[in-house]
Amino acid sequence: MTDVRVRFPPSPTGYLHIGGARTALYNWLFAKKHNGKLILRIEDTDADRSTQESIDGIIEGLNWLGITWDEGPYFQTEFADEHVACAQKLLDEGKAYKCFCSKEELEEKRELAQAEKKDYQYNGPCRNLSTEEVAEKEAGGLPYVIRFKTPKMDGVVDFDDKVLGNVARTYDDIEDFVIVRSNGKPLYLLCNVVDDIRDRISHVIRGQDHLGNTARQILIYRALGAEVPEFAHMPLTLDLKKAKISKRSHGEIVAVQFYKANGFLPWALCNFLVLLGWSTSDDQEIFSREELIDCFTLERINHSNSIFNYRKDDPKFFTDPKAISINEHYLRTVPIEEIYLLVKSDLQEQGLWSDDYDGDKKEWFLHTIDLIRSRFHTIKDFAVLGRAYFDDDYEFEEKAVRKNILKHEGLKEWFPVLADRFAALPEYNKDTAEEAIRGYATELEIKPGVLINGARTILTGRLAGPGMFDVLEVLGQERVARRLRDVAKLYDV
RNA sequence: GUCCCCAUCGUCUAGUCAGGUCCAGGACACCGGCCUUUCACGCCGGCAACACCGGUUCGAAUCCGGUUGGGGACGCCA
């Protein structure tokens, strides 16, 4: 294979959404796999809709996901002269022509055709204007667009799509499409090809929504005398109603930023995204970066669209359940150091961070997040569900208080006693704590579970959590004793 | 209306190119059980799909044709 050079060309008209991220990811994987280069090109030719905010958001999103590029970001507008020059070249060589038909006139025809349920194609008179006629109209100050002159011939324009196989379209079916607006600005179809030629793109990996563009773009490549790259059209991601996912109809749930803000591990999102339309033959679903790069191939991309399984207002899953499950998997299995910084920055944001965690108490901190992480869904849970481990001001689950505290009136007396016993322990650790708690239960002739579950609730505020003796150790002698002595407050309400 | 793409559990999918080993496998979700002081993890089990109709064939999820369904494109957007 010749040098692999692929590109990700977002138009900066909104944030980076998961569909775009998936396209970028596939390109990135393909580049990595073949020791190729990924080029980031911002397609900002639509001046009305492009924003700096959006450019920043896209770059931030890619960075967060760990999708790195080797060249760029280039900006399409910087190459405007080149686009115009290519259009001129096509004009000079008779491969394109000036069309003086007015926009209004054409729109009218198109609407008419639609109303009559007939096919519409530009078939205007301008294709065959003589040089004199053109000069005359121009002299008269008539505005014009430049149209590509599609060869009038039998047969098809076809290409061997790396995902779909052979895809063909008859010449007949391709109208003389506009490549330059009447204001002199070249259009996407042209710019994109010119840029891809300049950037020596070898493989165009993009969504199937571009499938209809490909035949026309191949015509441009040929007219410009350039080599046609390989194409790979990946399936689209739809919502449960089978509509294309978009910011407008789905809001932030489809924004990469949303996953960052909601405590996803970036690689977990990538892993989820890659599975939306691609798979291996051996049922593997969890991949390290290296594994994925190694086994990724365009040929194993699915042909059919996939559905992003997100139910609005689902109380249990705030996004696709599979995405959450993959995130949980990574959250509880990656080396603790890999989530340490993410947890740190979230605790900092929540005002729960202490610099000791980075110093004297670092070992304690790592051990603690390791202990509690298997029950969590996202990084955000450390500060919410795990708050009691980092701060004395935590909430009590109502159900837990009812079930584990209020049900046992005796705890009001027992816990202060237990607190004293813990405090008096010359050596305090999970074993001595367990001994103390079990011994006391025996004395009281109650089941140890009453003390254990009650302790969990008063110490952590929660109904469920890690093994109690681990919790006792992690929380430490002083905190445990203090919180147990305070049991009366739970009966007050 | 025209053109293009697609069609396996609720969702993501394996199997389709080289038909039999598939009364269809895995994952998520869901339901049961085990483990356990709780919950989670883990483990065991369950529910659940080849869109339809024809054809080819000894044999079809797989090949062919049609139907239906879904998606995309049809801009002086990208």
Side-chain angles (χ1 to χ4, degrees), chain A residues 9-13 43-46 48-50 76 99 102-103 106-107 110 113-121 143-147 161 163-165 167-170 172-175 177-183 185 187-189 191-192 207-215 233 235-236 238 240 242-244 272 275-286 302-310 316-317 320-326 328-329 332-333 372-376 400 403-404 437-438 441 447-457 462-469:
Chain A
S11 66
T13 54
E43 304 216 323
D44 55 349
T45 51
D46 186 348
D48 295 343
R49 295 195 300 148
S50 297
Q76 197 160 51
C99 169
S102 82
K103 202 174 177 178
L106 295 177
E107 260 168 29
R110 189 180 305 128
Q114 267 173 7
E116 289 176 356
K117 297 226 178 262
K118 279 190 181 153
D119 185 23
Y120 171 79
Q121 238 193 44
Y144 62 87
V145 297
I146 299 175
R147 285 183 186 273
D161 190 277
V163 173
L164 300 169
V167 179
R169 197 166 162 187
T170 59
D172 254 12
D173 192 41
I174 306 171
E175 70 166 0
F177 51 97
V178 177
I179 53 176
V180 179
R181 295 177 172 99
S182 56
N183 66 6
K185 304 267 189 219
L187 256 6
Y188 167 80
L189 243 21
C191 299
N192 189 249
Q208 278 181 21
D209 48 347
H210 284 284
L211 205 48
N213 291 333
T214 306
H233 289 91
L236 270 15
L238 313 175
L240 279 165
K242 305 234 169 129
K244 226 170 126 178
F272 166 70
L275 256 19
L276 231 41
W278 175 89
S279 64
T280 61
S281 58
D282 65 359
D283 295 332
Q284 185 175 356
E285 295 202 315
I286 299 292
N302 246 260
H303 296 195
S304 48
N305 295 338
S306 56
I307 291 171
F308 175 60
N309 189 14
Y310 154 68
K316 202 164 171 195
F317 302 104
D320 189 311
K322 187 131 187 175
I324 295 177
S325 118
I326 290 174
E328 289 167 349
H329 173 86
R332 66 173 179 261
T333 56
I372 58 184
R373 65 173 167 164
S374 85
R375 289 158 186 79
F376 292 168
K403 193 173 164 193
N404 290 335
I437 215 166
R438 288 198 189 278
K447 281 188 284 189
V450 174
L451 293 179
I452 291 169
N453 291 325
R456 180 175 357 265
T457 296
R462 318 223 36 106
L463 189 59
M468 202 51 220
F469 309 115

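Chain letters run A, B, ... following the sequence lines, proteins first and then strands; every chain starts at 1. In what follows, every heavy atom counts, from backbone to side chain, and hydrogens, waters and symmetry copies are set aside.
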For the P atoms, the ones on B:rU21 and on B:rG65, what distance do you get once it is rounded to whole angstrom?
24 Å
For A:Val145, report the nucleic acid contact type (base, sugar-phosphate, nothing); a contact means any heavy atom under 4.0 Å.
base
Heavy atoms under 4.0 Å, any strand shown: does A:Ala243 hit a base, just sugar-phosphate, or nothing?
nothing
What does B:rC22 pair with, Watson-Crick or G-U, if both distances are under 3.5 Å?
none
Flag, side chain of A:Asp44 to backbone of A:Gln76, donor-acceptor distance under 3.5 Å
yes
Mind checking if A:Glu43 touches a base, just sugar-phosphate, or nothing, with heavy atoms under 4.0 Å?
sugar-phosphate
Categorize A:Arg49 for me: base, sugar-phosphate, or nothing, with a 4.0 angstrom heavy-atom threshold over every strand shown.
base
Once you apply a heavy-atom cut-off of 4.0 Å, does A:Lys103 come out as touching a base, just sugar-phosphate, or nothing?
base
Integer angstrom distance from the C1' of B:rC4 to that of B:rC41:
48 Å
Taking B:rA7 as the reference, what is the distance to B:rC52 when you measure between their P atoms (whole Å, please)?
15 Å
Sugar-phosphate only, base, or nothing, as touched by A:Arg456 at under 4.0 Å among non-hydrogen atoms
base
Please check this pair: side chain of A:Asp320 against backbone of A:Asn309, looking for a donor-acceptor N/O pair closer than 3.5 Å.
yes
Look at the side chain of A:Gln208 and the backbone N and O of A:His210, then say whether any donor-acceptor pair between them is shorter than 3.5 Å.
no
Pick the C1' atom in B:rA40 and in B:rC35, then give their distance to the nearest Å.
12 Å
Assign A:Thr13 to base, sugar-phosphate, or nothing according to its heavy-atom contacts below 4.0 angstrom with the strands shown.
nothing
Please check this pair: side chain of A:Asp161 against backbone of A:Val167, looking for a donor-acceptor N/O pair closer than 3.5 Å.
no
Bounds of contact between RNA chain B and chain A, in 5' to 3' order, using a heavy-atom cut-off under 4.0 Å:
B:rG1 to B:rA78
Considering only heavy atoms from C-beta outward, does the side chain of A:Phe177 approach that of A:Leu189 to under 4.5 Å?
yes
Reckon A:Asn213 touches a base, only the sugar-phosphate, or nothing at all at heavy-atom distances under 4.0 Å?
base
A:His303 side-chain N/O to A:Val163 backbone N/O, donor-acceptor pair under 3.5 Å:
yes
Using a heavy-atom cut-off of under 4.0 Å over every strand shown, decide if A:His210 touches base, sugar-phosphate, or nothing.
base
Taking any heavy-atom pair under 4.0 Å as a contact, classify A:Pro466: base, sugar-phosphate, or nothing.
base
Go ahead and name the base partner of B:rG10; Watson-Crick or wobble counts if both distances stay under 3.5 Å, otherwise write none.
B:rC28
The residue, A:Phe317 or A:Asp320, whose nearest nucleotide of RNA chain B is more 5′ is A:Asp320
Contact class for A:Phe469 vs. all strands (heavy atom < 4.0 Å): base, sugar-phosphate, or nothing?
base
Mind checking if A:Pro321 touches a base, just sugar-phosphate, or nothing, with heavy atoms under 4.0 Å?
sugar-phosphate
Member of A:Thr45, A:Val145, A:Ile146, A:Val178 meeting the side chain to side chain contact (heavy atoms under 4.5 Å, CB included) criterion with A:Leu187
A:Val178
Rounded to whole angstrom, note down the P distance from B:rA18 over to B:rC63.
9 Å
Using atom C1' of each nucleotide, how far apart are B:rU2 and B:rC50 to the nearest Å?
32 Å
Mind checking the P distance from B:rU62 to B:rG55? Whole angstroms is fine.
14 Å
For B:rA61, give the paired nucleotide (Watson-Crick: N1-N3 plus N6-O4 or O6-N4; G-U: N1-O2 and O6-N3; both under 3.5 Å), or none.
none
Suppose we define a pair by two distances each less than 3.5 Å, Watson-Crick or G-U wobble; what does B:rC47 pair with here?
none
Within residues 275-284 of chain A, find the residues that approach RNA chain B with a heavy atom at under 4.0 Å, and present them sorted by residue number.
A:Leu275, A:Leu276, A:Gly277, A:Ser279, A:Thr280, A:Ser281, A:Asp283
Inter-residue atom distance A:Cys99.SG - A:Leu106.CG, 0.5 Å rounding
6.0 Å
Complementary nucleotide of B:rC34, counting Watson-Crick and G-U pairs under 3.5 Å
B:rG42
Would you find a donor on one side and an acceptor on the other, under 3.5 Å apart, between the side chain of A:Arg169 and the backbone of A:Gly212?
yes
State whether A:Glu285 and A:Lys322 are salt-bridged, where the test is any N-O pair (Lys NZ or Arg NE/NH1/NH2 against Asp/Glu carboxylate O) under 4.0 Å.
yes
Sugar-phosphate only, base, or nothing, as touched by A:Asn453 at under 4.0 Å among non-hydrogen atoms:
base
Name the nucleic acid region contacted by A:Lys185, choosing base, sugar-phosphate or nothing; use a 4.0 angstrom heavy-atom cut-off, strictly under.
nothing
Integer angstrom distance from the P of B:rU16 to that of B:rG25:
15 Å
Polar side-chain atom of A:Asn453 near backbone of A:Gly449 as donor-acceptor pair, under 3.5 Å
yes
